[in-house]
Structures are given as C-alpha cells and as structure tokens.
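Everything on this sheet refers to the single structure shown next.
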2 protein chains.
Amino acid sequence: MIPLDRYQRDKGKPTRVQVYAALRDAIVRGELEPGQQLSENSLAGRIGVSRTPIREAIGRLREDRLVETVPQLGTFVARVNPTAIGDAQFIRESLECAAIRLSAQVAKEEDVAELEENLQGQDRARAAGDLDSFYLLDDSFHHALCDLSGHLSVWIVSERAKAHLNRIRRLSLGMPNYLDEMISEHRLVLDAVAANDPDLAERHLREHLRTVLREVPRMRAEHPDYFEGP
Amino acid sequence: MIPLDRYQRDKGKPTRVQVYAALRDAIVRGELEPGQQLSENSLAGRIGVSRTPIREAIGRLREDRLVETVPQLGTFVARVNPTAIGDAQFIRESLECAAIRLSAQVAKEEDVAELEENLQGQDRARAAGDLDSFYLLDDSFHHALCDLSGHLSVWIVSERAKAHLNRIRRLSLGMPNYLDEMISEHRLVLDAVAANDPDLAERHLREHLRTVLREVPRMRAEHPDYFEGP
DNA sequence: CCTGGGATACTTGTATACTAGGAGCGTGCA
DNA sequence: TGCACGCTCCTAGTATACAAGTATCCCAGG
C-alpha cells in the first residue's frame with residue numbers, strides 16, 4: 001500500500017526522508033484515503049523501523065497539512081480543504097508567474113531544447129495513457145521552468161505549499177481531453193519562453209494554472225468524501 | 001541565552017513548538033551566533049526536557065535552513081547565505097505584492113484604522129528607541145496587510161521562507177535613519193491601500209521591500225562572520 | 001431493552017537506553 | 001622532533017520503555 005520501494009532503491013533501512021516521501025506520495029496519489037488513520041506503531045512495524053523516524057516523517061506531513069493529529073487519539077489523512085486549495089493556488093500562481101518572468105528573460109536555446117524534449121515526453125505519455133509518467137513529466141516541466149529563474153528554493157517552497165493542490169491535480173488527470181489541454185497550454189508557455197517574452201509567458205502560465213483550478217468543482221462532485229467542510 | 005520564557009507563560013514543561021519558537025527567535029535576533037554549535041543534550045538539560053522534543057524543534061529549524069546538522073558530529077547555527085537571502089526576497093516580494101493587490105481591493109475603513117494604529121505604534125517605538133517593539137510592529141503591519149487578502153496561509157509560508165531575510169532585517173534596525181525610512185514607506189503603502197489602489201500599493205510595497213534588501217551589503221561589511229561563502 | 005461503569009486496548013507524547021561514527025588529544029614509536 | 005596509531009569523549013540516529021489520555025466493548029443493573 002505504501003510504495004516505499006519507489007524511494008528506496010538500496011534496500012537498507014529506510015530513512016525518515018524516504019518514509020516522508022513515500023507517505024506524501026501515497027496521500028497525493030490517493031492510495032491513502034482522506035480520513036484514514038495512520039498509526040505510528042503499525043507503520044513502524046510494516047516498514048520495519050522504530051517509531052522515531054516514522055514520527056519525524058509524520059511531523060513533516062503535519063506541517064504540509066496532509067495529516068492531522070489529535071493527541072492521544074490518532075493521526076489521520078486530512079481531507080482536501082477547499083480553502084487550502086485556494087491558498088495553494090494563490091501561492092503557486094504568485095511564485096511561478098514571478099519566476100517565469102525571469103526565466104523568459106534568461107532562457108537559452110539549450111534550456112528550451114530540454115523543455116521541448118520533456119514536452120514530447122508528455123505527448124508520448126498521453127498516447128500511451130500513462131498518467132503516472134505524465135504527472136511526473138508535468139512536474140518536471142514546471143520545476144525546470146521555475147529553476148531557470150535562478151531562484152532554486154522557489155520550487156521547494158512552492159512544492160510544499162501546494163500539497164493539497166497536487167491531490168486535485170492527480171485526480172484530474174483522468175478527465176477526458178484533460179491531457180490534450182495541458183499539453184497545448186504547456187506548448188504556449190514554452191513558445192513564449194523561447195521567444196523571451198516575459199509578459200506573454202506569464203499570461204499563458206497564469207491561464208494554464210487556472211485550468212487546473214477549474215477542475216475542482218468537478219472533482220468535488222466525483223469524490224465528495226475527499227473534501228471537507230462547506 | 002534562550003528566551004524561552006517569552007513563549008512559555010504557563011511555566012509547565014515547554015512543548016516542542018515553544019522550543020522551536022524560542023530557538024528560532026534566538027537565531028534571528030542574533031543571540032545564537034552563526035557557526036555556534038547546538039547540542040541536543042545540553043539544550044535538553046538546560047531547558048529541562050528530554051532530547052525528543054528538542055530534536056523535533058531542531059528538525060523544523062533544519063527545514064528553515066536556520067541550522068545545519070552533520071550526522072554524528074553536531075548541529076550548528078547556519079551562517080546567513082546570500083543566495084538564500086536573494087531567494088527569500090524573491091519569494092517574499094512575489095507573495096506579499098500579489099497579496100496586497102487583493103488587500104487593496106477589499107480594504108475597509110476599519111482595516112485601515114487598525115493599520116493606522118499600528119503605524120502610530122511604530123512611531124512611538126521609534127521615538128522611544130525600542131527596536132524590539134518596532135520589529136514586532138513591523139511584522140504585524142505586514143502580516144495584517146497580507147491577511148487582508150483573505151489567503152491566511154500566505155503569511156505562514158512567507159514567514160518560514162524568509163527566515164534568513166529576517167536575520168538581516170533584525171540587524172538593520174540599528175542603522176541611523178532606517179526607522180524613519182521604514183515608517184514613511186509604510187505610510188505610502190497604507191495610503192495606497194486606503195485609497196483602494198492596487199497598482200500603487202504594489203509599487204510602494206515592492207519599493208519598500210527592496211529598501212530592506214539594500215542594507216545587505218552594509219550588514220555584510222559590519223558583520224562579516226555572519227555570512228557564508230561568496 | 002436501555003443505560004452506566006469499568007476494564008481494556010489502542011493512540012500520541014515523552015524520556016531513556018543503546019548504536020555507530022567522527023574529532024581531538026595523548027602517547028608511543030621511528 | 002615528528003608522525004602515526006589508538007583511546008576517549010561527544011555527537012546524532014535509532015530503538016525501546018514509560019506515561020497519559022481516549023474510544024470501545026462488555027457486562028451488570030434498573
């Protein structure tokens with residue numbers, strides 16, 4: 001259930017970081033369902049380490065608001081919070097749009113070539129219907145665009161802040177025509193960056209990011225138990 | 001040396017959160033100097049709790065990049081990293097400027113009145129030469145402006161991301177005329193918000209935030225041991 | 001049949017014991 | 001004198017033991 005092996009190739013005892021990555025991924029991918037309880041003891045037993053590293057991993061998840069823990073009672077996978085999604089979207093949009101303005105100004109041919117290759121990979125993943133690969137390529141695409149700005153820590157901050165948003169993103173991939181839309185929007189963004197046009201790049205990126213957000217109501221209708229509150 | 005009592009009024013055993021807040025404050029205020037070693041054992045003994053809550057607090061500080069730990073060797077207060085400052089400034093600027101655009105659109109009279117009161121407090125703190133109070137009021141001012149946007153988690157993310165920047169901010173307060181400059185810039189921002197002018201508010205805020213950044217070279221000249229690498 | 005109380009089996013939080021590894025110093029040998 | 005080896009102490013990392021609190025189930029009693 002917890003895809004630890006994806007983050008732990010060396011087969012030694014997993015570290016807290018690997019435990020964190022595995023749990024986070026399992027939550028974002030929906031393998032651990034909202035509301036489900038995460039027992040430190042059973043996780044420790046199943047993974048084969050003591051409670052200490054498990055606790056540290058859960059502590060990070062708590063800061064990401066991916067889990068909620070009630071003292072002396074239990075730790076539970078958080079439901080998706082619509083307010084948190086809105087906030088995450090705002091943060092993501094602010095950071096990525098600001099970054100891409102710089103990126104568009106400094107992008108060299110080789111940078112564009114690399115992004116181009118990624119984009120073709122997205123096309124292949126779509127043709128193969130491989131949602132997992134597409135999700136990873138999508139992330140790499142935005143990550144690379146962000147890093148081009150030179151502010152490497154922006155992606156790190158953004159990544160942690162948009163955990164709730166990622167859960168929606170992951171869910172949305174199954175919608176019909178959604179991948180086509182994503183790819184053609186990525187194309188527009190990349191072309192603007194290649195043309196070193198910050199204004200156009202920002203506009204297309206902002207539009208693209210909001211496409212994701214527009215899926216929220218549909219996701220909520222399809223997976224009502226994923227969401228919390230009003 | 002560690003002002004734990006500032007975060008722990010009830011005199012019970014301090015929690016990990018209180019330990020984190022106290023250590024973070026001590027580092028930002030410069031009471032714990034860059035390069036200084038933080039021993040989990042001695043901290044635990046001095047504060048009167050076991051290593052476990054200390055470790056969790058140090059774990060968060062590590063994520064903030066305020067400390068660096070070398071396994072089996074020790075944990076050390078990080079030196080201020082110029083790259084980290086640049087990144088923090090970029091993140092802060094992106095988030096706060098985006099937020100204030102919304103804030104300026106929705107600000108009501110009572111919001112402005114509250115900010116006005118804060119601003120007068122800043123004036124009193126300047127007159128009294130009370131840097132600590134000024135720093136707190138400055139933070140509240142930006143915090144309140146940010147929250148007006150409705151995206152409450154923006155401040156939380158920004159706060160954690162700009163830890164390195166805060167260390168500079170705190171150092172800069174001693175510069176002559178610096179407080180006057182801060183206050184008059186706050187005035188410009190607040191007036192633009194009161195006038196519900198997003199563009200003007202953003203422009204003044206961006207200008208204000210960069211004033212802080214301009215102090216970095218001077219701080220580096222005065223406290224060379226605070227900084228790392230080129 | 002319904003309700004109340006208590007044992008019990010969980011939970012997280014904290015404290016402590018143990019492990020592995022690096023730093024530094026002192027001693028002994030060349 | 002200088003270098004090298006080894007011992008000792010300290011570190012973080014991990015495992016385990018203990019404490020405190022909550023939900024649940026079962027049984028007794030009305």
Side-chain angles (χ1 to χ4, degrees), chain A residues 1-2 4 7-8 10-24 26-27 32-79, chain B residues 1-2 4 7-8 10-24 26-27 32-79:
Chain A
M1 178 180 284
I2 295 147
L4 232 173
Y7 297 95
Q8 185 222 0
D10 50 7
K11 303 301 172 197
K13 277 198 181 180
T15 71
R16 55 186 173 186
V17 179
Q18 291 168 331
V19 173
Y20 166 76
L23 287 176
R24 189 180 209 273
I27 293 175
L32 292 173
E33 292 181 6
Q36 180 174 342
Q37 184 165 11
L38 291 182
S39 161
E40 296 181 358
N41 270 320
S42 83
L43 281 176
R46 196 156 1 144
I47 295 180
V49 295
S50 77
R51 273 182 61 208
T52 308
I54 302 287
R55 274 187 66 76
E56 306 204 354
I58 286 184
R60 290 192 64 171
L61 293 173
R62 187 166 41 232
E63 290 175 15
D64 295 343
R65 297 189 176 280
L66 285 175
V67 302
E68 291 168 3
T69 127
V70 182
Q72 271 66 23
L73 209 168
T75 300
F76 306 88
V77 177
R79 296 183 192 282
Chain B
M1 177 180 282
I2 296 149
L4 230 173
Y7 297 95
Q8 186 222 0
D10 51 7
K11 303 301 175 199
K13 277 198 180 179
T15 71
R16 56 187 173 184
V17 179
Q18 291 167 332
V19 172
Y20 166 76
L23 286 176
R24 189 181 209 272
I27 293 174
L32 292 173
E33 293 181 5
Q36 181 174 341
Q37 184 165 11
L38 291 182
S39 160
E40 295 181 359
N41 270 319
S42 83
L43 281 176
R46 192 147 14 133
I47 294 180
V49 294
S50 77
R51 274 181 60 207
T52 308
I54 302 286
R55 273 186 65 77
E56 306 205 354
I58 286 184
R60 290 192 65 170
L61 293 172
R62 186 166 42 231
E63 290 175 16
D64 295 343
R65 299 191 175 279
L66 285 176
V67 303
E68 291 168 3
T69 125
V70 183
Q72 271 65 28
L73 211 168
T75 299
F76 307 88
V77 178
R79 295 182 192 283

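By convention in this document, chain letters (A, B, ...) are assigned in the order of the sequence lines, proteins followed by strands, and residues within each chain are numbered from 1. Hydrogens, waters and symmetry mates are skipped; everything else that's a heavy atom, side chains included, is used.
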Side chain of [X]: nearest nucleotide among [options]?
X      : options                   : result
Q37(B) : dT16(D), dT11(D), dG13(D) : dT11(D)
R16(A) : dT16(C), dG13(D), dA23(C) : dG13(D)
L73(B) : dT16(D), dG22(C), dA20(D) : dG22(C)
Q72(B) : dC18(D), dA15(C), dG13(D) : dG13(D)
R51(B) : dT11(D), dT12(C), dT14(D) : dT14(D)
T52(B) : dG21(C), dA17(C), dA15(C) : dA15(C)
S50(B) : dT16(D), dA12(D), dT14(C) : dT14(C)
P71(B) : dA23(C), dG13(D), dG21(D) : dG13(D)

Can you check the [X] [atom1] to [N] [atom2] distance for me, whole Å?
X      : N       : atom1 : atom2 : answer
Y20(A) : dG13(D) : OH    : C1'   : 20 Å
E68(B) : dA12(D) : CD    : P     : 14 Å
E56(A) : dT14(D) : CD    : C1'   : 9 Å
R55(A) : dA15(C) : CZ    : P     : 12 Å
I54(A) : dG13(D) : CD1   : C1'   : 14 Å
I58(B) : dG13(D) : CD1   : C1'   : 13 Å
I47(A) : dA15(D) : CD1   : P     : 12 Å

Side-chain N,O (N41(A)) to OP1/OP2 (dT11(C)) below 4.0 Å: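 So the side chain of N41(A) is within the cut-off, an N or O lying under 4.0 Å from OP1 or OP2 of dT11(C).
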NZ/NE/NH1/NH2 to OD/OE distance under 4.0 Å, E68(B) and R62(B):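 Salt bridge between E68(B) and R62(B), a charged N being under 4.0 Å from a carboxylate O: no.
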Do [X] and [Y] come within less than 4.5 Å of each other through their side chains, counting heavy atoms only?
X      : Y      : answer
N41(B) : R51(B) : yes
L43(A) : I58(A) : yes
E56(B) : E56(A) : no
V67(B) : I27(B) : yes

Pair R16(A)-Y20(A), side-chain hydrogen bond (donor to acceptor under 3.5 Å, both in side chains): steps then yes or no: CA-CA 6 Å; R16(A) 55 186 173 186; Y20(A) 166 76; over 6 Å; no
Q36(A) side-chain N/O to E33(A) backbone N/O, donor-acceptor pair under 3.5 Å: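 Yes; at least one donor-acceptor contact below 3.5 Å.
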Contact list for DNA chain D against residues 60-67 of chain A - heavy-atom distance below 4.0 Å: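 The stretch gives none, as no residue of it lies under 4.0 Å from the strand.
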